[in-house]
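For reference, the structure is listed below as structure tokens.
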Number of protein chains: 2
Amino acid sequence: MPTTEITETITDAEWCVMRIVWTLDQADSHTIIDLVSQQHDWKAATIKTLIGRLVKKGALATTKNGRQFIYTPLIPEQTAMDTALANQLDQMCAMCRGQAFVHAIDHTELSQADIQELITHLQTKLTTAPATIACDCLPEGYEGSC
Amino acid sequence: MPTTEITETITDAEWCVMRIVWTLDQADSHTIIDLVSQQHDWKAATIKTLIGRLVKKGALATTKNGRQFIYTPLIPEQTAMDTALANQLDQMCAMCRGQAFVHAIDHTELSQADIQELITHLQTKLTTAPATIACDCLPEGYEGSC
DNA sequence: ACTTAGAGTTTACATCTGTAAACGATAACT
DNA sequence: AGTTATCGTTTACAGATGTAAACTCTAAGT
């Protein structure tokens, strides 16, 4: 079973291309180049490079269509977002992640439905939450707190 | 007024060094090298390079202490975390950020206090939240949804 | 059939990152 | 005073990333 795996990282510039394809669900290079170059001051050649790298990385699939290709996402947008966020969080002190969320949520526009869903999840989580989370910035055996 | 500004990015490897200094609040290179090399299979020389780059970037300050330096953070940990998270989120579709939070929160250990604080913030936020957030993956004038 | 424009591929190159050895200065020990 | 163990600095180098020109096909128009 060909699981939707991707080992390689999608870089910042590549994200811009992926977002177009994710949103359109499929697109030819002309469309991608057209839309991306309205958002970024990149030459068509640059965007072609990014598309090529994404195909090589296994993030985009190609389907031949006459002289050109139709590109489709091979990894789901939500998965990519979850992974990117998790990697970022893993890098931060476990003790401080809660405050990071507070700040992030304060500064992010969220819909009523999303907020309600978050509250529900948090209320459930609260029932089994530990009183405190220890700082994990120091090696095993050392006690720290930031 | 010397604001705690940092234009340059702290890389993944550099984060590991910063976390030690943030947690200890101040440390000499011997301590940093000792602790970091217990967490990562890096040579002392590697960690020295990272320290040097962080000093050059303005993320660490140095105070001479005899033959060596004491390193202290020039940027607050919370600020670094907030910035890193915000940059990550800015890259993702505005419409999908809520779901990304749901996933992230589901998979992150949080203390009771943090959860309660998050719930409080979300309840406040709910009172002024829009019903929906539009996808912002396409250029101005195009309507998309992912 | 011949030319051509546009799609994808190759090549290019500077900078950033991860990883580390080599080196130079100097405090500390003998 | 001479030697040594460090500490910080310089140099190194491969691979990733951002950015883009050059090139090669081949479908499409004449």
Side-chain angles (χ1 to χ4, degrees), chain A residues 6-21 24 26-72 80 83-84 87-88 90-91, chain B residues 6-21 26-72 80 84 87-88 90-91:
Chain A
I6 190 174
T7 41
E8 331 228 19
T9 312
I10 294 175
T11 71
D12 289 4
E14 288 162 3
W15 261 83
C16 301
V17 171
M18 288 305 294
R19 285 179 63 178
I20 299 292
V21 186
L24 300 182
Q26 64 168 71
D28 56 28
S29 72
H30 175 265
T31 305
I32 297 174
I33 289 170
D34 180 31
L35 295 178
V36 172
S37 55
Q38 283 181 56
Q39 301 173 306
H40 304 272
D41 195 19
W42 294 339
K43 297 282 148 50
T46 301
I47 302 168
K48 284 187 193 179
T49 300
L50 296 174
I51 294 173
R53 287 181 184 165
L54 285 166
V55 171
K56 185 181 306 178
K57 284 184 182 179
L60 287 180
T62 56
T63 312
K64 196 137 218 142
N65 174 251
R67 69 183 160 293
Q68 56 184 80
F69 285 149
I70 302 294
Y71 298 95
T72 41
T83 302
N87 287 340
Q88 193 65 55
D90 279 350
Q91 190 158 239
Chain B
I6 191 175
T7 41
E8 330 228 18
T9 312
I10 294 175
T11 71
D12 289 3
E14 288 163 3
W15 261 83
C16 302
V17 171
M18 288 304 294
R19 286 180 63 178
I20 299 291
V21 185
Q26 63 168 71
D28 56 26
S29 72
H30 174 265
T31 305
I32 297 174
I33 290 170
D34 181 31
L35 295 177
V36 172
S37 54
Q38 284 180 56
Q39 302 173 304
H40 304 271
D41 193 20
W42 294 339
K43 297 284 147 54
T46 301
I47 303 168
K48 285 187 195 180
T49 300
L50 296 174
I51 294 174
R53 287 181 184 166
L54 285 166
V55 171
K56 185 181 307 177
K57 283 184 183 179
L60 288 179
T62 56
T63 312
K64 195 136 218 144
N65 174 251
R67 67 186 162 291
Q68 56 184 84
F69 284 148
I70 303 293
Y71 298 94
T72 41
N87 287 340
Q88 193 65 56
D90 278 351
Q91 192 158 236

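A quick note: this is a predicted structure, and the numbers were derived from the prediction, not measured.
- Following rounding to the nearest Å, Lys64(A) (NZ) and dC25(D) (C1') show an atom-to-atom distance of 10 Å.
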- Yes or no on side chain to side chain donor-acceptor pair (under 3.5 Å) for Asp34(B) and Thr31(B), after CA distance, side-chain angles and deciding distance? CA-CA 5 Å; Asp34(B) 181 31; Thr31(B) 305; over 6 Å; no

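- If you measure from atom CZ of Phe69(A) to atom P of dA27(D), you get 12 Å, rounded to the nearest angstrom.
- With the nearest nucleotide of DNA chain D identified for both Glu8(A) and Arg53(B), Arg53(B) has the one nearer the 5' end.
- Of all nucleotides in DNA chain C having an atom under 4.0 Å from a heavy atom of chain A, the first and last in 5' to 3' order are dA7(C) to dA12(C).
- With the nearest nucleotide of DNA chain D identified for both Gln68(B) and Asp12(A), Gln68(B) has the one nearer the 5' end.
- Within the 4.0 angstrom heavy-atom criterion, only backbone atoms of the sugar-phosphate kind lie near Lys43(B); the bases stay farther away.
- Note that CD of Gln91(B) and SG of Cys16(A) are 6.5 Å apart. Values are rounded to the nearest 0.5 Å.
- Ring pair Tyr71(A)/Phe69(A) is perpendicular by interplanar angle, where above 60° counts as perpendicular and below 30° as parallel.
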Would you give me the side-chain donor-acceptor pairs under 3.5 Å for residues 59-67 of chain A, sequence neighbours excluded?
none

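- The interatomic distance linking Lys48(B) (NZ) with dA5(D) (C1') rounds to 11 Å, in whole Å.
- Between Thr11(A) and the phosphate of dA16(D), there is no side-chain N or O to OP1/OP2 separation shorter than 4.0 Å.
- Remark: of the listed residues Glu14(B), Glu8(B), Lys48(B), Glu14(B) is the sole one forming a side-chain contact (heavy atoms from CB on, under 4.5 Å) with Arg53(B).
- Here CE of Met18(A) is found 9.0 Å from CD1 of Ile32(A). Values are rounded to the nearest 0.5 Å.
- For the pair Trp15(A) CH2 and dT17(D) C1', the interatomic distance rounds to 17 Å; values are reported in whole Å.
- Here the P atom of nucleotide dT6(D) and the CD1 atom of Ile47(B) are 16 Å apart, to the nearest Å.
- Within the nucleic acid shown, Asp28(A) has no heavy atom closer than 4.0 Å to any nucleic acid atom.
- Under the side-chain contact (heavy atoms from CB on, under 4.5 Å) rule, Val36(B) has a single partner from Thr46(B), Ile47(B), Leu50(B), which is Ile47(B).
- dT19(D) atom P lies 14 Å from atom CG of Leu54(A), rounded to whole Å.
- Using a 4.0 Å heavy-atom criterion, one finds that Thr46(A) contacts the bases of the nucleic acid, with or without backbone contacts as well.
- Neither OP1 nor OP2 of dC25(D) sits under 4.0 Å from any side-chain N or O of Arg67(A).
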